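First comes the structure, then the notes that go with it.
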Amino acid sequence: MPTISVQSPTKPVRADAVVVGVFSGPGGLQLAPGAEAVDGSLGGRLREALVAAGASGRPDEITKIPTLGLSDVPLVVATGLGERTEHGETFRRAVGAALRAVSSKARVHIALDAPVGPVVEGALLGSYAFTEYKSAPAATALRTITVPGGSRAELTRARVIAEAVNFTRDLVNTPPNDLYPATFAERVAARGAKAGLEVEVLDERALKRGRFGGILGVGQGSTRPPRLVRLSYRPARARRHLALVGKGITFDSGGLNLKTVNLTWMKSDMGGAAAAASAICAAAALKLPVRITATLPMAENMPSGSSYRPSDVLTMHSGRTVEVADTDAEGRLILADGISRALQDGPDALVELSTLTGAQLVALGPRLIGVMGEESMRDTVVAAAGECGEDAWPMPLPEHLRAGLDSAVADLQNVPGERWGGMLVAGRFLQEFVPADLPWAHLDIAGPAYNNGGPRDYTPKGGTGAGVRTLIATAERLAAG
Ligand code: BES
Ligand code: MN
Ligand code: ZN
């Protein structure tokens, strides 16, 4: 990651490019506050030049103006902010789009008077690139980003958040032949240890001893055995304890109910576990005064002679039995075990996130996180998401959906006979494993975790890191309240 520092606006800017903001006001394009010095060096003609180049100020519009030796900085990069707004996310997105457009520059100055947190997060998220598997990576030259102001604490917080999101992206983007339960567990454990967390990794033998029937059942078809990672952050001053649980399916083929569609994005099926692991590490780096435990079940869902079958009955960690009606509804099986394990530590609140259903994409589209659960916790999470700039929407868990989960042979089945309301049904299944009086939320990030389209704002193609910022913001709320 590039370094971030403060460059006082009164000193001359040394950079290869300077980013300015432009609004699309009713009277046409307007320079956003912060651009005065650059504009001055160009004789006050920056707006005119941008209009001549066709800029309108709409979001995700980047216009580059060379300064032809008139200014200290050779290139001005104007990024569209849309209509005048104060919302941090507008700046986060616009700065992200600008940084994606200047990846060949070593030093970039951001001449924007805006909340420094979103500006720095946007810059660090927008300049992300996953080049691990390129034999000749396009040189990302970016080394230093300067901003016009901000305290050390603000810069550190933004960097910690961006590092957490980018670590999640790296994990999701890593191909499933290299990232499977054992290696995923190793990477998460190493990161946790570095963050000063207590780390525990259960291998397949420990999972058997612990009777994790859901995790073992889903993982048994793969040559790569499952894992359960537990990370624990225990600050001295904590009054409350938040449990995080994340789905860690390193590749979801569907199992014997083999998928026919969407297979190419199923390496993202561990995005929930990656986000939870990243968020707890960030909470430790930020020294949030709240105890957090992350429980991360990891398995690969594969078809083979040893796979679990439709009709199998699994005895879960909680002791409940579940009939497998569909091996492709594997997430809820490993999550039920993860939730049961998390509850044994007696948390005050539980937040679980997972790339759980294609129905999330049908209901809310590719970008909106679906949030379900106990209503006050659900609404806390939705509010936290709004504050940190993630898109989330509250969804219900209708009681009438419970009947569809009745099984003729076991306590429950993992899918009903009907497919309607699939996102809610999955949430309702998980609810069976949560005590009625616990504040809990379930986040379905199936679509948001992975960007199948082109890059936009600070969002690259591939892994997005969805959910990380919302989890951190939720933990901050719990720490404060
Ligand atoms: N991992 C998938 C959900 C998913 C679908 C994530 C598309 C990202 C994009 C999950 O395990 C799954 O297969 N769900 C099934 C559930 C069904 C069998 C009830 C689905 O959504 O089709
Ligand atoms: Mn599946
Ligand atoms: Zn899955």
Side-chain angles (χ1 to χ4, degrees), residues 172-173 176 179-181 184 214-215 217-222 226 245-275 296-303 307-312 314 322-338 352-370 372 395 401 404-405 407 412-430 442-453 462-464 466-467:
V172 168
N173 288 331
L179 191 110
Y180 45 89
F184 185 22
I215 301 172
V218 170
Q220 76 189 33
S222 172
V245 178
K247 172 176 174 181
I249 295 292
T250 57
F251 183 72
D252 182 11
S253 70
L256 290 177
N257 290 102
L258 188 62
K259 283 185 187 296
T260 51
V261 294
N262 296 338
L263 274 159
T264 50
W265 70 10
M266 282 308 138
K267 70 170 182 178
S268 71
D269 214 15
M270 31 56 72
L296 314 170
M298 301 171 177
E300 189 181 41
N301 188 20
M302 293 294 267
S307 291
Y308 78 142
R309 313 154 191 80
S311 307
D312 279 1
L314 306 177
V322 178
E323 181 184 9
V324 180
D326 190 321
T327 61
D328 199 12
E330 83 298 337
R332 61 198 74 181
L333 297 171
I334 69 164
L335 288 167
D337 275 4
E352 167 278 319
L353 81 170
S354 43
T355 47
L356 202 58
T357 65
Q360 177 276 319
L361 283 135
V362 177
L364 293 174
R367 296 192 197 175
L368 271 177
I369 300 173
M372 288 143 275
M395 299 296 283
L401 294 176
L405 297 170
S407 159
L412 285 170
Q413 61 180 358
N414 70 337
V415 295
E418 285 194 350
R419 65 190 180 88
W420 311 122
M423 169 169 60
L424 316 181
V425 170
R428 189 61 192 77
F429 178 90
L430 295 173
H442 155 57
L443 283 66
D444 196 332
I445 57 169
Y450 200 73
N451 176 20
N452 261 316
T464 61

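In listed order, ligands and their atoms are each counted from 1. The shown structure was predicted, so the numbers you read here are calculated from the model rather than taken from an experiment.
- Between the choices Ala446, Gly447, Ala325, Ser253, the shortest heavy-atom distance to atom 6 (C) of ligand 1 belongs to Ala446.
- Contact check on Glu352 versus Arg332 returns no salt bridge, with no Lys/Arg side-chain nitrogen under 4.0 Å from an Asp/Glu carboxylate oxygen.
- Formation of a donor-acceptor pair under 3.5 Å by the Ser253 side chain with backbone atoms of Leu258 is not found in this model.
- Considering only non-hydrogen protein atoms, atom 10 (C) of ligand 1 sits nearest to Leu356 O, 3.2 Å.
- In this structure the side chain of His442 reaches within 4.5 angstrom of the side chain of Leu356, judged on heavy atoms.
- At a 3.5 angstrom cut-off on N or O pairs, Gly358 counts as close to ligand 1.
- Considering backbone and side-chain N/O of Asp252, one or more are found under 3.5 Å from N/O of ligand 1.
- Each of Ile215, Leu335, Asp252 was compared with Glu330 under the side chain to side chain contact (heavy atoms under 4.5 Å, CB included) criterion, and only Asp252 meets it.
- Ranking the protein heavy atoms by distance from atom 16 (C) of ligand 1 puts Arg332 NH2, 3.9 Å first.
- Without hydrogens or angle criteria, Thr355 side chain to Ile445 main chain gives no donor-acceptor distance under 3.5 Å.
- Judged by distance alone, with hydrogens and angles left aside, the side-chain atoms of Asp337 form a donor-acceptor pair with the main-chain N or O of Gly214 at under 3.5 Å.
- With sequence neighbours excluded, no residue satisfies ring-ring contact (aromatic ring centres under 6.0 Å, His included) with Tyr450.
- Side-chain contact between Leu364 and Met395: present, with at least one pair of heavy atoms (C-beta onward) separated by less than 4.5 Å.
- Contacts between Met270 and ligand 1 below 4.0 angstrom, taking non-hydrogen atoms only, are absent altogether.
- Looking only at heavy atoms of the protein, atom 12 (C) of ligand 1 is closest to Asp328 O, 3.2 Å.
- Around the Zn ion (ligand 3), protein N, O or S atoms at less than 2.8 Å number 4.
- The shortest distance between side-chain heavy atoms of Val172 and Met270 falls below 4.5 Å.
- Close approach of ligand 1 to Glu330 (heavy-atom distance below 4.0 Å) involves ligand atoms 11 (O).
- Of all protein atoms, those that are N, O or S and lie under 2.8 Å from the Mn ion (ligand 2) total 4.
- When only non-hydrogen protein atoms are considered, atom 9 (C) of ligand 1 lies nearest to Trp265 NE1, 2.9 Å.
- Using a 4.5 Å heavy-atom threshold, the side chains of Val218 and Ile249 count as touching.
- For ligand 1, the atoms closer than 4.0 angstrom to any heavy atom of Thr355 are 1 (N), 2 (C), 3 (C), 6 (C).
- Put simply, the side chain of Pro310 reaches to within 4.5 Å of the side chain of Thr327, judged on heavy atoms.
- Distance check for atom 22 (O) of ligand 1: every protein heavy atom is found at 4.0 Å or beyond.
- Between Lys247 and ligand 1, at least one N/O pair is under 3.5 Å apart.
- Heavy-atom separations between Arg419 and ligand 1 are all 4.0 Å or longer.
- Counting all heavy atoms, side chain and backbone alike, Ile334 lies closest to Pro297 at O-CG, 3.5 Å.
- Asp328 is linked by a side-chain hydrogen bond (donor to acceptor under 3.5 Å, both in side chains) to Lys259, counting only residues two or more places apart in sequence or in another chain.
- Looking at Asp326, Asp444, Leu333, it is Asp326 that brings a heavy atom closest to atom 18 (C) of ligand 1.
- Ligand 1 has Lys259 within reach: a non-hydrogen atom of the residue lies less than 4.0 Å from it.
- Looking at Leu361 against ligand 1, only its side chain comes within 4.0 Å, counting heavy atoms.
- Taken from CG in Asp269 to CD in Glu300, the straight-line distance is 11.0 Å, to the nearest 0.5 Å.
- Counting protein heavy atoms only, atom 19 (C) of ligand 1 is closest to Val415 CG1, 3.5 Å.
- Close approach of ligand 1 to Met266 (heavy-atom distance below 4.0 Å) involves ligand atoms 1 (N), 4 (C), 5 (C), 6 (C), 7 (C), 8 (C), 9 (C).
- Remark: distances from the non-hydrogen atoms of Asn414 to ligand 1 are all 4.0 Å or more.
- In this model, a donor atom of one side chain and an acceptor atom of the other lie less than 3.5 Å apart for Thr357 and Asp444.
- Counting atoms of ligand 1 from 1 in the listed order, those under 4.0 Å from a heavy atom of Thr357 are 3 (C), 21 (O).
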